[in-house]
Amino acid sequence: MGPLETYTKHYILKVENESAAKNVLNLYLRNRISFEQYEPTRPVNFYTLDYHMLSLSREKKAYELGTFVRYYIYSLANPSRIIGAVNFNIYRNDVENFVEVGYKVDSLYQNQGVASEVLSHLIPLVSYHYNIHRFDARIHPENYPSIRLAAKLGFNPKYLEPKSANILGKDVDIVRYSLTISQTQ
C-alpha cells in the first residue's frame, strides 16, 4: 500500500475518507461543465453529498485492498480546498500488472503545471509501492491538454478503443496511452 499522504513542492496529496465528501462534491460542482466534457456520464445522484460519502467509503476500502487509490490534490497555499484528484485503478493478472491512471484539475488551476508536478511524483511512488511498471491513460481524442500532458510524461498512444466510453450520453472513441517504467527507476 502506498502512503495515505504525500507532498510535492507545491501540493499535498491525500487519500481521503467520508469526512472530505463536502469538499469533493464542491470540486465537482465548481467544475461540472469542464469535467463532464471528457469524463463518463455521471449517475443521476452524482452531485449529492450522499453519493460522495459512499464513494469515498468505497475508495478507502479499495485502497486497503490494494486495487485502487485516489489522491486528492490540495495546494500548500490553501490546504483546505481540493483542487483536483489523481486515481490509479490497479489491475493484477497472470500476464502483467498494470494501472489505469485518471486525473482532473480544477479549472482555476489548469495550465499551471499542477497535473504534471503531481503525476511526476505519484507515478514512481505507485510503481514502487504496488510493483507496477505499466501505466495506461484512456484519453478522449479531443482532450488536447491531456494528450500534451501524457506526451510530456512519456506516455505513447497505443490504440483506439472505438465507442468505449459514454460521455454526455453519447458513446465515443477513446485512445489508450501507455507508459512503461523500467524496474531500475
Side-chain angles (χ1 to χ4, degrees), residues 8 10-16 20-56 58-59 62 68-75 78 81-91 98-123 126 135-179:
T8 70
H10 300 102
Y11 305 103
I12 305 164
L13 310 170
K14 293 182 186 179
V15 174
E16 287 290 7
K22 186 174 182 183
N23 208 350
V24 172
L25 175 59
N26 286 335
L27 170 72
Y28 284 102
L29 288 171
R30 287 192 312 269
N31 294 280
R32 185 173 187 160
I33 293 169
S34 64
F35 288 175
E36 284 186 355
Q37 66 183 327
Y38 298 118
E39 293 190 348
T41 302
R42 310 282 191 207
V44 256
N45 64 337
F46 183 83
Y47 294 99
T48 66
L49 192 56
D50 286 345
Y51 179 92
H52 289 284
M53 287 183 75
L54 182 59
S55 180
L56 284 161
R58 287 180 181 151
E59 287 177 15
F68 178 87
V69 60
R70 184 185 316 265
Y71 286 97
Y72 289 92
I73 307 167
Y74 296 83
S75 168
N78 184 2
R81 180 178 174 155
I82 295 174
I83 63 165
V86 177
N87 58 275
F88 299 91
N89 284 301
I90 301 158
Y91 297 96
F98 72 98
V99 164
E100 278 188 4
V101 59
Y103 43 86
K104 59 183 68 37
V105 174
D106 188 308
S107 58
L108 294 175
Y109 295 85
Q110 290 176 2
N111 300 310
Q112 296 176 30
V114 175
S116 178
E117 180 176 330
V118 168
L119 284 162
S120 293
H121 175 78
L122 286 176
I123 288 172
V126 168
F135 291 79
D136 288 359
R138 299 177 70 239
I139 303 174
H140 188 287
E142 294 175 11
N143 187 344
Y144 303 115
S146 230
I147 293 168
R148 283 191 298 275
L149 173 63
K152 179 179 180 180
L153 294 170
F155 284 78
N156 293 302
K158 289 300 177 190
Y159 51 86
L160 179 72
E161 298 176 354
K163 308 287 185 217
S164 63
N166 187 287
I167 297 176
L168 297 173
K170 183 180 173 189
D171 290 336
V172 298
D173 298 343
I174 296 292
V175 177
R176 183 174 293 269
Y177 289 76
S178 194
L179 167 71

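Keep in mind the model is a prediction, meaning the values are calculated, not measured.
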Colleague: If you take all heavy atoms of Leu179 and Gly154, which pair is closest and at what distance?
Modeller: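 Looks like CD1-O, 3.5 Å.
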Colleague: When rounded to the nearest 0.5 angstrom, what is the spacing between OG in Ser107 and CD1 in Ile33?
Modeller: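 Between atom OG of Ser107 and atom CD1 of Ile33 there are 9.5 Å.
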Colleague: Look at atom CZ of Arg42 and say whether more than 12 heavy atoms of other residues, nucleotides or ligands are closer to it than 6.0 Å.
Modeller: yes
Colleague: State, to 0.1 Å, how close Pro141 and Ile147 come at their nearest heavy-atom pair, and which atoms those are.
Modeller: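 Closest approach of Pro141 to Ile147, heavy atoms only: O-CD1, 3.5 Å.
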Colleague: Heavy atoms only: give me the nearest Leu13-His121 pair and the separation to one decimal.
Modeller: CD1-CD2, 3.8 Å
Colleague: In the structure I gave you, are the side-chain heavy atoms of Val172 and His140 within less than 4.5 Å of one another anywhere?
Modeller: yes
Colleague: With a 4.5 Å heavy-atom cut-off, do Ile139 and Ile174 have their side chains touching?
Modeller: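 Contact flag for Ile139/Ile174 side chains = no.
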Colleague: In Å and rounded to the nearest 0.5 Å, what is the CG to CD distance from Asn166 to Glu39?
Modeller: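 It is 13.0 Å, given to the nearest 0.5 Å.
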Colleague: Under the 3.5 angstrom rule, does the side chain of Thr41 hit a backbone N or O of Gly169 as a donor-acceptor pair?
Modeller: yes
Colleague: So how far is it from Asn87 CG to Glu59 CD, rounded to the nearest 0.5 Å?
Modeller: 8.0 Å
Colleague: With a 3.5 Å cut-off and no angle check, do the side chains of Tyr103 and Ser146 form a donor-acceptor pair?
Modeller: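 A donor-acceptor contact under 3.5 Å links the two side chains.
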Colleague: Mind listing the closest non-hydrogen atom pair of Thr8 and Glu117 along with its distance?
Modeller: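 The answer is OG1-OE2, 2.6 Å.
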Colleague: Indicate yes or no: at least one non-hydrogen side-chain atom of Leu27 is less than 4.5 angstrom from one of Ile83.
Modeller: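 The answer is no; the side chains never approach within 4.5 Å.
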Colleague: Knowing that exactly one of His10, Lys14, Glu16 qualifies, which makes a side chain to side chain donor-acceptor pair (under 3.5 Å) with Tyr74?
Modeller: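 When His10, Lys14, Glu16 are each tested with Tyr74, the side chain to side chain donor-acceptor pair (under 3.5 Å) holds only for Glu16.
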Colleague: Taking C-beta and beyond as the side chain, do Tyr71 and Val118 meet within less than 4.5 Å on heavy atoms?
Modeller: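 Of all side-chain heavy-atom pairs linking Val118 with Tyr71, none is under 4.5 Å.
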Colleague: Can you list everything that forms a ring pair (Phe, Tyr, Trp, His ring centres under 6.0 Å) with Phe46? Sequence neighbours excluded, please.
Modeller: Tyr28, Tyr51, His52
Colleague: Begin with the C-alpha distance, continue with both residues' side-chain angles, and end with the deciding distance and a verdict on side chain to side chain contact (heavy atoms under 4.5 Å, CB included) for Ile90 and Phe68.
Modeller: CA-CA 6 Å; Ile90 301 158; Phe68 178 87; 5.9 Å; no
Colleague: Show the numbers, then the answer: is there a side chain to side chain contact (heavy atoms under 4.5 Å, CB included) between Ile82 and Ile73?
Modeller: CA-CA 6 Å; Ile82 295 174; Ile73 307 167; 5.8 Å; no
Colleague: Looking at Leu108, I want to see if its CG is surrounded by more than 12 non-hydrogen atoms of other residues, nucleotides or ligands under 6.0 Å.
Modeller: yes
Colleague: By side-chain hydrogen bond (donor to acceptor under 3.5 Å, both in side chains), which residues pair with Lys152, not counting sequence neighbours?
Modeller: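 Partners of Lys152 by the side-chain hydrogen bond (donor to acceptor under 3.5 Å, both in side chains) criterion, ordered by chain and then number, come out as Ser116.
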Colleague: Is the shortest heavy-atom distance from the side chain of Phe88 to the side chain of Glu100 under 4.5 Å?
Modeller: no
Colleague: Is there a side-chain contact between Val175 and Tyr159 (heavy atoms, below 4.5 Å)?
Modeller: no
Colleague: Atom OG of Ser55 and atom CG of Asn45: how far apart are they, to the nearest 0.5 Å?
Modeller: 10.5 Å
Colleague: Got a second to check how far Ile167's CD1 is from Glu142's CD, nearest 0.5 Å?
Modeller: 10.0 Å
Colleague: Taking the side chain as C-beta and beyond, is there a heavy-atom pair between Leu56 and Tyr72 under 4.5 Å?
Modeller: yes
Colleague: Any side-chain donor paired with an acceptor under 3.5 Å for Ser164 and Arg176?
Modeller: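 Arg176 and Ser164 do not have a side-chain donor-acceptor pair below 3.5 Å.
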Colleague: Heavy-atom distance under 4.5 Å between the side chains of Phe155 and Phe135, does that happen here?
Modeller: yes
Colleague: Could you go through the side chain to side chain contact (heavy atoms under 4.5 Å, CB included) check for Arg81 and Arg30 one step at a time?
Modeller: CA-CA 12 Å; Arg81 180 178 174 155; Arg30 287 192 312 269; 2.7 Å; yes
Colleague: For the residue pair Arg138 and Tyr177, would you count it as a cation-pi contact if the rule is NZ or CZ under 6.0 angstrom from the ring centre and within 45 degrees of the ring axis?
Modeller: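 No, cation not above the ring by the 6.0 Å, 45° rule.
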Colleague: Determine, step by step, whether Arg70 and Val86 satisfy the side chain to side chain contact (heavy atoms under 4.5 Å, CB included) criterion, reporting the C-alpha distance in whole Å, the side-chain angles of both residues, the deciding distance to 0.1 Å, and the verdict.
Modeller: CA-CA 6 Å; Arg70 184 185 316 265; Val86 177; over 6 Å; no
